[in-house]
Engineer: 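After the structure tokens below, expect a handful of questions from me.
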Amino acid sequence: MVMRPISIYRRSFCFRCNSTVAHSNHEPVTQKARNFMETTTTSTAIFQCNSQISKLARNGNLQEAEAIFRKMSHRSIVSWNAMISAYAENGKISKAWQMFDEMPVRATSSYNAMITAMIKNKCDLGKSYEFFCSIPEKNAVSYASMITGFVRAGVFDKAECLYAEIPVKFRDPVASNVLLSGYLRSGKWNEAVRVFEGMAVKEVVSFSSMVDGYCKMGRLVDARGLFDRIHERNVITWTAMIDGYFKAGFFEDGFDLFLRMRREGDVEVNANTLAVMFKACRDFGRYREGSQIHGLVSRMPLEFDLFLGNSLISMYSKLGYMGEAKAVFGVMKNKDTVSWNSLITGLVQREQISEAYELFEKMPDKDMVSWTDMIKGFSGKGEISKCVELFRMMPEKDDITWTAMISAFVSNGYYEEALYWFHKMLRKEVYPNSYTFSSVLSATASLAALIEGLQIHARVVKTNIANDLSVQNSLVSMYSKCGNTNDAYKVFSCISEPNIVTYNTMISGFSYNGFGKEALKLFSILESTGKEPNGVTFLALLSACVHVGYVDLGWKYFKSMKFSYGIELGPDHYACMVDLLGRSGLLDEAYNLISSMPCEPHSGVWGSLLGASKTYLRVDLAEFAAEKLIELEPDSATPYVVLSQLYSLVGKNRDGDRIRNIKKSKRIKKDPASSWIILKGEVHNFLAGDESHLNLEEITFTLQMIEKEMEMISLGHGSSFQ
DNA sequence: CTTAGTACTC
């Protein structure tokens with residue numbers, strides 16, 4: 001690994017002084033600056049001080065800017081203006097006002113600095129406009145600033161009015177650019193085009209905005225057409241076009257344009273361009289290109305900033321190159337929360353939890369992302385109590401955090417807890433998002449808890465995320481797993497843009513509820529849509545064949561997977577096929593299939609064989625399968641139970657007793673049947689035979705309420721499959 | 001005075 005030098009500069013977020021304006025390092029007052037202060041009698045010295053103040057302010061170093069200003073023996077209007085802007089840039093509007101009031105003589109530029117300060121700091125629009133009106137001699141900058149204020153606040157009619165009022169001599173492209181970019185940002189395309197077409201003078205900024213606008217609309221060809229037609233392009237034009245390609249999913253085009261940008265050499269690649277490149281390399285999994293560009297950066301006379309460093313860490317982290325990610329992290333002088341989080345995320349994804357946790361503990365300013373990421377990390381390791389501990393320690397929590405906690409429960413099989421925490425979340429008045437609903441619906445699905453599922457569906461309908469595809473898919477899955485195929489299909493047929501997951505969910509829903517033929521029919525519909533089936537699709541299909549008993553069709557699908565669709569066969573596909581053959585009595589064929597497996601058979605495969613062997617009284621194969629099963633899952637009761645049942649079926653009672661004794665001696669127990677109900681937001685668990693702690697009247701009442709709620713649920717008007 | 005752009009929930 002080559003360590004590359006990284007220098008840091010301007011514009012970023014500084015976590016050390018909490019300034020939103022970027023700066024690199026908190027350097028002490030330099031000797032050079034001190035020299036300026038002592039010789040401010042000449043106009044060149046004043047000029048140098050002024051530009052030093054502006055530079056320091058841009059870097060967020062307000063203290064030193066103040067120091068220079070204070071020690072200047074002579075000041076010009078520009079010195080005062082610079083201080084107004086300095087305060088404005090750093091969010092100190094009252095200090096800016098103080099400067100404005102104190103300054104002895106004001107020029108239009110002073111008023112402009114002040115109106116800009118007000119707009120930047122989102123001061124009251126009315127007050128800003130009042131101030132604007134008070135400017136004695138407005139110029140083009142005054143108008144452009146005020147229009148910016150209106151546009152940022154979304155008051156386009158006021159912006160247009162003022163725009164129309166600009167005296168002819170002050171008309172320049174900047175005000176039009178403000179309007180144009182404002183309309184583009186808020187998606188008012190027609191208005192934007194009107195402004196663009198009406199512009200007397202169009203220049204780089206106008207074209208850049210339009211190129212970006214086309215890209216954001218997905219009109220790549222139009223964007224490129226305009227890009228090629230214009231005579232002048234700057235870094236922003238290039239970057240917008242390149243990123244447009246990336247965002248539309250075209251890596252090569254974006255990358256080629258980047259190369260051309262460097263080759264043509266009339267504009268310099270800057271930190272933003274590179275951040276875009278690194279993000280793209282990350283998203284498209286292009287480590288080689290990413291590290292090439294990284295190498296290039298160190299040789300360019302180009303400085304580095306937080307955005308750039310962070311995009312590099314993120315790229316290396318996501319692509320699994322933790323060494324490189326750590327190297328960049330180590331070299332960066334200024335790190336912010338994002339830098340830490342990106343590295344931690346990478347470690348979490350590589351399941352290097354202890355290292356991630358070490359960093360997490362060392363991290364100075366943890367935000368919700370950091371905590372949430374750690375929860376995700378421990379969830380992946382199955383350490384659910386650690387997740388809860390972290391969750392409880394968090395200073396603040398939002399919907400994302402709650403969702404992470406809930407899905408931690410779900411992915412570790414704690415479905416009741418997931419539901420319990422969902423209700424807790426609602427009680428805390430945190431609004432669930434689409435991920436929350438997906439998670440919690442999958443919990444109810446796993447519990448086959450139709451009533452809870454219905455309640456959540458009702459909640460989904462009341463929220464505006466009922467059109468979210470992943471939520472809709474979860475609903476289909478929930479109804480299917482609760483055995484309610486009809487409602488599953490109703491939801492399915494209301495989905496406007498189903499994806500492959502949607503189809504898979506519905507096909508397997510049909511399948512395990514016994515509607516094998518419907519499942520197969522849906523597959524042919526899927527094929528007619530041109531969507532590509534995947535491994536999950538075939539799993540659903542094969543199990544449909546199991547239900548209908550179509551051995552030949554099953555074989556056909558099984559064989560066509562690899563040959564016609566190029567999909568790898570996994571152990572689950574084999575398990576399904578073994579099941580299909582076994583249930584049809586083709587036990588030797590099933591056994592041969594297992595022997596021919598390229599991957600290691602898992603418990604599902606042997607379980608299928610065992611079940612079929614019991615049905616067809618094949619003691620030899622049953623014993624073999626049971627043995628394998630016990631090897632793989634020593635704590636499972638299933639092989640013992642099935643085998644002893646088979647022994648008694650064929651009259652080998654002595655063998656049955658022997659098996660039962662082994663089971664007893666190994667202390668293997670069947671899980672006791674349990675159930676649960678949610679009452680007033682609390683999950684009540686009870687085991688079979690336990691009638692102690694619940695008030696039956698209350699339960700009955702609650703059930704009646706729930707039934708009423710069920711009637712209110714609108715499922716849309718999709719056709720029923722029956 | 002105007003234009004592009006990094007991290008975290010499934």
Side-chain angles (χ1 to χ4, degrees), chain A residues 11-13 109 112-113 115-116 119-120 139-149 151-152 170 172-182 184-185 203-213 215-216 234-244 246-247 270-280 282 305-315 317-318 336-346 348 367-376 379 398-408 410-411 432-439 442 468-471 473-474 501:
Chain A
R11 282 213 316 120
S12 32
F13 180 84
S109 57
N112 288 345
I115 185 72
T116 308
I119 301 299
K120 272 222 176 90
N139 64 14
V141 178
S142 329
Y143 283 99
S145 277
M146 193 59 232
I147 293 174
T148 305
V151 166
R152 294 258 164 93
F170 292 142
D172 73 357
V174 177
S176 321
N177 289 338
V178 172
L179 273 178
L180 174 64
S181 63
L184 287 170
R185 227 198 310 272
E203 35 87 76
V204 221
V205 178
S206 335
F207 288 120
S208 299
S209 295
M210 275 310 275
V211 167
D212 187 53
C215 288
K216 296 252 157 76
N234 65 15
V235 215
I236 298 179
T237 330
W238 284 91
T239 309
M241 191 63 231
I242 291 172
D243 197 41
F246 290 149
K247 290 231 166 88
N270 70 11
N272 299 326
T273 320
L274 292 168
V276 166
M277 293 310 294
F278 291 135
K279 181 182 154 63
R282 181 198 69 188
D305 71 1
L306 267 179
F307 267 5
L308 200 40
N310 289 347
S311 66
L312 264 173
I313 298 179
S314 167
M315 176 183 77
S317 268
K318 277 269 165 71
D336 67 353
T337 324
V338 177
S339 328
W340 289 83
N341 285 348
S342 307
L343 195 58
I344 292 175
T345 304
V348 163
D367 66 356
M368 278 194 282
V369 177
S370 335
W371 289 88
T372 309
D373 218 14
M374 275 325 300
I375 291 177
K376 192 187 163 198
S379 163
D398 64 356
D399 54 330
I400 298 178
T401 324
W402 278 92
T403 306
M405 193 59 235
I406 290 170
S407 44
V410 174
S411 53
N433 58 35
S434 59
Y435 292 104
T436 324
F437 282 117
S438 295
S439 263
S442 101
D468 184 287
L469 187 57
S470 64
V471 172
N473 289 345
S474 305
V501 179

Engineer: Using a cut-off of 4.0 Å on non-hydrogen atoms, how would the nucleic acid contact of A:Ser470 be classed: base, sugar-phosphate, or nothing?
Structural biologist: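 Nothing: the residue A:Ser470, judged by heavy atoms under 4.0 Å, touches no strand.
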Engineer: With sugar-phosphate meaning primed atoms plus P, OP1 and OP2, does A:Lys216 contact a base, only sugar-phosphate, or nothing at under 4.0 Å between heavy atoms?
Structural biologist: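 Sugar-phosphate only.
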Engineer: I need the CE-C1' distance between A:Met210 and B:dT2, as an integer number of Å.
Structural biologist: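 Going from A:Met210 (CE) to B:dT2 (C1'), I get 15 Å.
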Engineer: Who pairs with A:Asp212 by salt bridge (charged side-chain N to carboxylate O under 4.0 Å, His left out), at least two apart in sequence or on another chain?
Structural biologist: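 So A:Asp212 forms a salt bridge (charged side-chain N to carboxylate O under 4.0 Å, His left out) with A:Lys216.
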Engineer: Regarding A:Ser209, tell me which of base, sugar-phosphate or nothing describes its non-hydrogen contacts under 4.0 Å with the strands shown.
Structural biologist: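 Contact class for A:Ser209: sugar-phosphate only.
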Engineer: Let's see if you can work this out: which of B:dT2, B:dC8, B:dT6 has an atom nearest to the side-chain heavy atoms of A:Val338?
Structural biologist: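 Selected nucleotide (nearest to the side chain): B:dT6.
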Engineer: Looking only at the side chain of A:Val369 (C-beta and beyond, no hydrogens), which of the listed nucleotides B:dC8, B:dC1, B:dT9 gets closest?
Structural biologist: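 Per side-chain heavy atoms of A:Val369, the pick is B:dC8.
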Engineer: Is any N or O donor-acceptor pair between the side chain of A:Asn234 and the base of B:dA4 shorter than 3.5 Å?
Structural biologist: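 For A:Asn234, whose side chain was compared with the base of B:dA4, there is no donor-acceptor pair (under 3.5 Å).
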Engineer: Going by salt bridge (charged side-chain N to carboxylate O under 4.0 Å, His left out), name the residues that satisfy it together with A:Lys247, two or more places apart in sequence or in a different chain.
Structural biologist: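 Here the qualifying residues are A:Asp243.
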Engineer: How would you label the contact of A:Asn433 with the nucleic acid (heavy atoms, under 4.0 Å): base, sugar-phosphate, or nothing?
Structural biologist: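 The answer is base, as A:Asn433 lies within the cut-off (heavy atoms under 4.0 Å) of a base atom.
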Engineer: At under 4.0 Å between heavy atoms, what does A:Val276 touch on the DNA or RNA strands: base, sugar-phosphate, or nothing?
Structural biologist: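 Since only primed, P, OP1 and OP2 atoms lie under 4.0 Å of A:Val276, the category is sugar-phosphate.
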Engineer: Do A:Ser474 and A:Ser442 have side-chain heavy atoms sitting under 4.5 Å apart?
Structural biologist: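 No, side chains not in contact.
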Engineer: May I ask you to evaluate whether A:Ser407 reaches the phosphate of B:dC10, defined as a side-chain N or O under 4.0 Å from OP1 or OP2?
Structural biologist: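 Yes, such a contact exists.
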Engineer: Let's see if you can work this out: which of B:dT2, B:dT6, B:dT9 has an atom nearest to the side-chain heavy atoms of A:Lys279?
Structural biologist: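 Between B:dT2, B:dT6, B:dT9, the one nearest the side chain of A:Lys279 would be B:dT6.
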Engineer: Give the rounded distance in Å between these two atoms: CG of A:Asn341 and P of B:dT6.
Structural biologist: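 After rounding, the gap between these two atoms is 16 Å.
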Engineer: Any side-chain heavy-atom pair from A:Asn310 and A:Ser339 closer than 4.5 angstrom?
Structural biologist: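 Yes; the side chains approach each other to less than 4.5 Å.
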Engineer: Name the closest nucleotide to the A:Lys318 side chain, picking from B:dA4, B:dT9, B:dC8.
Structural biologist: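 My answer, after comparing the listed nucleotides, is B:dC8.
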Engineer: When the distance from CD1 of A:Ile119 to C1' of B:dT2 is rounded to whole Å, what number comes out?
Structural biologist: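 Whole-Å distance recorded here is 14 Å.
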Engineer: Would you indicate which nucleotide in B:dT2, B:dC1, B:dT6 comes nearest to any side-chain atom of A:Ser311?
Structural biologist: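 Of the candidates, B:dT6 comes closest.
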Engineer: Measure from CG on A:Asn112 to P on B:dT2 and round the result to the nearest Å.
Structural biologist: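 Spelled out: CG on A:Asn112 to P on B:dT2 is 12 Å.
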Engineer: Using only side-chain N and O atoms of A:Lys376, determine if any of them is under 4.0 Å from OP1 or OP2 of B:dT9.
Structural biologist: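 Looking at the OP1 and OP2 atoms of B:dT9, one of them is under 4.0 Å from a side-chain N or O of A:Lys376.
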Engineer: In whole Å, I'd like the distance from the CG atom of A:Asn139 to the P atom of B:dT2.
Structural biologist: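 Whole-Å distance recorded here is 14 Å.
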Engineer: Between atom CZ in A:Phe246 and atom C1' in B:dA4, what is the gap in whole Å?
Structural biologist: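 That distance rounds to 13 Å.
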Engineer: Whole Å only: how far is the CD1 atom of A:Ile147 from the P atom of B:dC1?
Structural biologist: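 Interatomic distance, CD1 of A:Ile147 to P of B:dC1: 15 Å.
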Engineer: Between A:Ala140 and A:Asp172, which heavy-atom pair has the shortest distance, and what is it?
Structural biologist: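 Closest pair (atom of A:Ala140, atom of A:Asp172, distance): CB-OD2, 3.9 Å.
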Engineer: If you check every side-chain atom of A:Val141, which of B:dT9, B:dA4, B:dC1 has the closest atom?
Structural biologist: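 Nucleotide nearest to A:Val141's side chain: B:dC1.
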Engineer: Please determine if a side-chain N or O atom of A:Arg185 lies less than 4.0 Å away from the OP1 or OP2 oxygen of B:dT2.
Structural biologist: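 Answer is no, no contact under 4.0 Å.
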Engineer: Would you mind telling me which of B:dT9, B:dT2, B:dA4 lies closest to the side-chain atoms of A:Asn270?
Structural biologist: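 Nearest to the side-chain atoms of A:Asn270, counting from C-beta on, is B:dA4.
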Engineer: In whole Å, I'd like the distance from the CD1 atom of A:Ile236 to the C1' atom of B:dT3.
Structural biologist: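 To the nearest whole Å, that distance equals 5 Å.
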Engineer: Please report the shortest heavy-atom distance between A:Phe307 and A:Ala275, naming the atom on each side.
Structural biologist: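 In this case the closest contact between A:Phe307 and A:Ala275 is O-CB, 4.4 Å.
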Engineer: Where the side chain of A:Thr345 is concerned, which of B:dC8, B:dC1, B:dT9 is the nearest nucleotide?
Structural biologist: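 In terms of side-chain proximity for A:Thr345, the closest of B:dC8, B:dC1, B:dT9 is B:dC8.
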